[in-house]
Chemist: 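Starting off with a structure, shown below.
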There are 2 protein chains.
Amino acid sequence: MTTTSPQGRTELLRPDGSPVRVLVVDDELSITELLSMALRYEGWQIRSAGDGHGALRTAREFRPDAVVLDMMLPDMDGLSVLGRLRRDLPDVPVLFLTAKDAVEDRIAGLTAGGDDYVTKPFSLEEVVARLRGLIRRTGAADRRSDSVLVVGDLTLDEDSHEVTRGGDGIHLTATEFELLRFLMRNPRRVLSKAQILDRVWSYDFGGQANVVELYISYLRRKIDAGREPMIHTRRGAGYLIKPAAS
Amino acid sequence: MTTTSPQGRTELLRPDGSPVRVLVVDDELSITELLSMALRYEGWQIRSAGDGHGALRTAREFRPDAVVLDMMLPDMDGLSVLGRLRRDLPDVPVLFLTAKDAVEDRIAGLTAGGDDYVTKPFSLEEVVARLRGLIRRTGAADRRSDSVLVVGDLTLDEDSHEVTRGGDGIHLTATEFELLRFLMRNPRRVLSKAQILDRVWSYDFGGQANVVELYISYLRRKIDAGREPMIHTRRGAGYLIKPAAS
DNA sequence: CCCCAAGCTGTGATTTCTCTGAGAAACCCA
DNA sequence: TGGGTTTCTCAGAGAAATCACAGCTTGGGG
């Protein structure tokens with residue numbers, strides 16, 4: 001089931017209308033804090049654990065609809081946690097967090113079962129999107145909701161990563177895609193550069209805030225080029241996207 | 001829940017009808033005083049603290065619906081306060097106060113969970129508006145109320161920053177927008193130039209008082225131009241806004 | 001009816017914010 | 001390993017917003 005809030009945000013809900021439950025497992029407190037905060041903001045119910053045993057204990061009692069699991073835990077191997085988790089909750093989808101240089105193939109094997117993974121350092125948009133995808137696909141959320149965002153004649157498919165405007169396909173880089181997704185998930189709302197940075201760039205990004213301006217500029221070239229503009233600047237406040245007609 | 005006071009002011013209330021509670025944390029007494037006064041005027045219940053430990057103690061007992069938190073506290077790091085605060089009150093939204101030049105580095109991740117921040121020196125309108133936004137969005141106030149102010153055929157959307165009169169879109173600068181918001185939040189009430197200056201301009205504004213006249217003039221050109229005027233001067237007293245028909 | 005204080009607005013200086021080109025570095029895939 | 005792609009920094013140009021100042025208008029008390 002999905003429902004749309006007054007702000008235009010779409011929320012995932014479970015079949016019975018209660019909020020989706022997500023368990024976050026990572027040994028770094030700053031990471032669990034960050035994720036808990038962001039995921040809670042999606043309207044989900046969050047519990048967190050700092051090690052494998054805690055995770056298993058919490059999972060049994062909390063019965064989450066999805067788990068975010070760091071592969072690198074102090075007390076046990078990520079794989080063992082996964083195995084034991086599956087014993088209690090056979091169908092729960094898992095989003096793995098891994099270091100960038102971790103063995104890709106082992107992960108690839110794991111994700112064959114419908115799970116997914118992101119590498120650290122991640123951006124919140126990425127984690128939220130993948131988690132939404134997992135929950136959507138495994139049917140923890142009632143009706144399989146749509147993976148296509150639409151604003152005016154602009155469409156963005158979160159599954160295939162396809163973007164079109166007025167029917168024409170548009171190629172975007174990864175960062176451009178995430179930025180556009182964030183804008184389109186919040187249509188007609190002014191988003192500050194800080195908000196965008198916090199959401200679209202990875203949590204350890206230490207650079208200049210004007211990358212946002214730069215990428216807005218790239219996006220404009222690709223989606224607004226020659227057409228009625230959809231991306232607007234609110235000087236001193238931020239940016240917003242809205243249908244061209246209005 | 002929202003209710004409309006006899007003066008025409010719209011107030012945020014909690015689901016049970018009791019006033020919203022806000023905790024203000026800053027080590028400068030002048031700031032907590034200023035904010036407490038302004039926020040109390042919104043009809044909210046305010047407590048304040050001058051350091052991290054005091055903040056945590058008060059938060060536990062007062063259970064605020066929102067927190068205004070200076071990042072620069074004498075006894076502890078703003079982030080530690082945040083972390084511990086979140087342990088007791090996982091869902092409470094936080095409005096951070098930061099110095100203008102510190103924005104870039106330590107804000108990273110702060111707005112990610114739906115939190116927000118303003119830079120010092122701020123204007124009271126800004127703080128109040130952001131707080132209202134936070135409370136509205138995180139649902140501490142009952143039904144998610146909407147973000148549009150309406151006076152006569154004039155509308156102002158706090159989310160999209162859109163302003164229309166009689167259906168026509170009107171572009172306002174940041175300062176014009178804040179001034180109009182203040183007027184529209186107090187329709188049919190005379191606001192003195194001093195009040196306006198105190199609310200709309202930052203607390204350290206040292207300029208000439210006639211900026212208010214200047215900006216009223218700008219606003220009139222944009223929203224009253226050619227139409228029945230809605231902004232009226234009460235010579236020697238101040239200004240007020242009201243629907244054209246009356 | 002006159003005068004003055006209060007209010008209004010044109011001009012322009014200054015500051016601030018945004019956009020974008022150029023290029024360096026990192027990255028990815030073959 | 002090498003070339004194309006992507007990300008990001010830097011810096012300059014340009015646009016927009018803010019504000020001081022000053023002269024003009026207006027309203028209303030005397």
Side-chain angles (χ1 to χ4, degrees), chain A residues 99-101 104-105 108 119-123 125-126 161 163 170-180 190-194 196-197 200-225 229 231-240, chain B residues 100-101 103-105 108 119 121-123 125-126 161 163 170-180 183 190-197 200-202 204-225 229 231-240:
Chain A
K100 184 78 150 281
D101 48 1
E104 300 277 330
D105 35 313
T119 57
K120 288 185 179 183
F122 49 76
S123 76
E125 266 302 286
E126 205 182 332
H161 277 218
V163 174
I170 295 171
H171 170 80
L172 299 184
T173 71
T175 308
E176 289 164 358
F177 180 82
E178 289 214 348
L179 171 56
L180 183 59
V190 175
L191 302 166
S192 72
K193 279 184 262 192
I196 294 174
L197 210 53
V200 174
W201 270 261
S202 21
Y203 54 79
D204 71 340
F205 178 80
Q208 308 299 312
N210 91 326
V211 281
V212 176
E213 295 167 23
L214 186 65
Y215 273 85
I216 288 282
S217 159
Y218 291 159
L219 267 189
R220 280 176 167 150
R221 271 180 233 177
K222 292 184 177 178
I223 78 168
D224 281 348
I231 299 175
H232 304 267
T233 303
R234 286 283 171 274
R235 197 164 221 271
Y239 300 94
L240 85 167
Chain B
K100 178 82 154 274
D101 47 1
V103 178
E104 304 294 338
D105 36 65
T119 56
F122 48 76
S123 77
E125 263 306 282
E126 206 181 332
H161 281 215
V163 174
I170 295 172
H171 172 81
L172 299 184
T173 71
T175 306
E176 289 163 359
F177 181 83
E178 288 216 346
L179 171 56
L180 182 59
L183 293 175
V190 176
L191 302 165
S192 73
K193 279 185 262 192
Q195 273 179 305
I196 294 174
L197 207 53
V200 175
W201 271 261
S202 19
D204 72 339
F205 179 79
Q208 307 301 311
N210 90 327
V211 281
V212 176
E213 295 168 20
L214 185 61
Y215 273 86
I216 287 283
S217 157
Y218 291 158
L219 268 189
R220 280 175 166 152
R221 267 179 239 177
K222 292 183 178 179
I223 77 168
D224 281 348
I231 299 174
H232 304 267
T233 303
R234 288 284 172 274
R235 206 182 163 78
Y239 301 93
L240 86 167

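Computed from heavy atoms alone, side chains included, the values below leave out hydrogens, waters and symmetry copies. Note that this is a predicted model, so its numbers are computed, not measured. In what follows, chains are A, B, ... by sequence order, proteins preceding strands, each numbered from 1.
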Chemist: Do you know which two heavy atoms are closest between A:Glu176 and A:Leu219, and how far apart they sit?
Modeler: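 Here A:Glu176 and A:Leu219 meet closest at O-CD2, 3.9 Å.
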Chemist: Between D:dG27 atom P and B:His232 atom NE2, what is the distance in whole Å?
Modeler: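 Distance check: B:His232 NE2 to D:dG27 P gives 14 Å.
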Chemist: Which heavy atom in A:Ile196 sits nearest to a heavy atom in A:Leu179, and how many Å separate them?
Modeler: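 Reported closest heavy-atom pair: CG2-CD1, 3.6 Å.
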Chemist: Parallel under 30°, tilted from 30 to 60°, perpendicular over 60°: which one fits the rings of A:Tyr218 and A:Tyr215?
Modeler: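 Correct class here is perpendicular.
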Chemist: Does OP1 or OP2 of C:dT18 have a side-chain N or O of A:Thr233 closer than 4.0 Å?
Modeler: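 Indeed not, no polar side-chain atom of A:Thr233 lies that close.
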Chemist: I need the CG-P distance between B:Leu219 and D:dT18, as an integer number of Å.
Modeler: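 Taking atom P of D:dT18 as the reference, CG of B:Leu219 is at 11 Å.
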Chemist: Once you round it to whole Å, what is the distance between P of C:dT11 and CG of B:Leu214?
Modeler: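 Whole-Å distance recorded here is 14 Å.
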Chemist: Rounded off to whole Å, could you give me the CZ-to-C1' distance for the A:Phe205 and D:dT9 pair?
Modeler: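 Whole-Å distance recorded here is 9 Å.
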Chemist: Check this one for me: any side-chain N or O of A:His171 less than 4.0 Å away from OP1 or OP2 of D:dT6?
Modeler: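 Affirmative; the distance criterion is met.
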Chemist: Phosphate oxygens OP1/OP2 of C:dA6: is one of them under 4.0 Å from a side-chain N or O of B:Tyr239?
Modeler: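 Answer no for this pair, as no side-chain N or O of B:Tyr239 is under 4.0 Å from OP1 or OP2.
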Chemist: So what does A:Glu213 touch, heavy atoms closer than 4.0 Å: a base, only the sugar-phosphate, or nothing?
Modeler: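 Base contact - A:Glu213 has a heavy atom under 4.0 Å of at least one base atom.
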Chemist: Is the phosphate of C:dT20 approached by A:Ser217 (side-chain N or O, under 4.0 Å from OP1 or OP2)?
Modeler: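 So the side chain of A:Ser217 is within the cut-off, an N or O lying under 4.0 Å from OP1 or OP2 of C:dT20.
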Chemist: As a test of reading the structure: which of C:dG21, D:dA11, D:dT7 is closest to the side chain of A:Thr173, going by heavy atoms?
Modeler: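 Nearest listed nucleotide: D:dT7.
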Chemist: Return the value, rounded to whole Å, for the distance between atom CG of A:Leu179 and atom P of D:dC8.
Modeler: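 Rounded to whole Å, this separation is 12 Å.
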Chemist: I need the CD1-C1' distance between B:Ile196 and C:dA6, as an integer number of Å.
Modeler: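 In whole Å, C:dA6 C1' lies 15 Å from B:Ile196 CD1.
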Chemist: Is any side-chain nitrogen or oxygen of A:Arg221 closer than 4.0 Å to OP1 or OP2 of C:dG21?
Modeler: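 Looking at the OP1 and OP2 atoms of C:dG21, one of them is under 4.0 Å from a side-chain N or O of A:Arg221.
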Chemist: D:dA16 C1' sits how many Å from B:Glu176 CD, rounded?
Modeler: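 Rounding to the nearest Å, CD of B:Glu176 and C1' of D:dA16 are 11 Å apart.
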Chemist: Hey, does B:Ile216 reach any base, or is it just sugar-phosphate, or nothing, if we go heavy atoms under 4.0 Å?
Modeler: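 Result for B:Ile216 = nothing.
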Chemist: Ignoring hydrogens, what is the shortest heavy-atom contact between A:Lys222 and A:Ile170? Give both atom names and the distance.
Modeler: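 Minimum heavy-atom separation between A:Lys222 and A:Ile170: O-CD1, 3.7 Å.
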Chemist: Would you please name every residue forming a salt bridge (Lys or Arg N to Asp or Glu O under 4.0 Å) with A:Lys193, sequence neighbours left out?
Modeler: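 Here the qualifying residues are A:Glu213.
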Chemist: With respect to the phosphate group of D:dA15, does any side-chain polar atom (N or O) of A:Arg235 fall under 4.0 Å of OP1 or OP2?
Modeler: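 Checking A:Arg235 against D:dA15: no side-chain N or O falls below 4.0 Å of OP1 or OP2.
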Chemist: Could you tell me whether the side chain of A:Tyr218 has a donor or acceptor atom within less than 3.5 Å of a complementary atom in the base of D:dC8?
Modeler: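 Present.
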Chemist: On the nucleotide D:dT7, are OP1 or OP2 found under 4.0 Å from the side-chain N or O atoms that A:Trp201 carries?
Modeler: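 Checking D:dT7 against A:Trp201, no side-chain N or O comes under 4.0 Å of OP1 or OP2.
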Chemist: Round to the nearest Å and state the distance from A:Ile231 atom CD1 to C:dT20 atom C1'.
Modeler: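 It is 15 Å, rounded to the nearest whole Å.
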Chemist: Is the ring pair B:Phe177/B:His161 parallel, tilted or perpendicular, if the boundaries are 30 and 60 degrees?
Modeler: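 Plane angle under 30°, so parallel.
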Chemist: With a 4.0 Å cutoff (strictly under), does any side-chain N or O of B:Lys193 reach OP1 or OP2 of C:dG7?
Modeler: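 For C:dG7, OP1/OP2 do have a side-chain N/O of B:Lys193 under 4.0 Å.
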Chemist: Would you mind telling me which of C:dC19, D:dT6, D:dA20 lies closest to the side-chain atoms of A:Arg220?
Modeler: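 Out of C:dC19, D:dT6, D:dA20, the nucleotide with an atom closest to A:Arg220's side chain is C:dC19.
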Chemist: Are any of A:Thr175's side-chain N or O atoms less than 4.0 Å away from OP1 or OP2 of D:dT7?
Modeler: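 True: A:Thr175 side-chain N/O within range (under 4.0 Å) of D:dT7 OP1/OP2.
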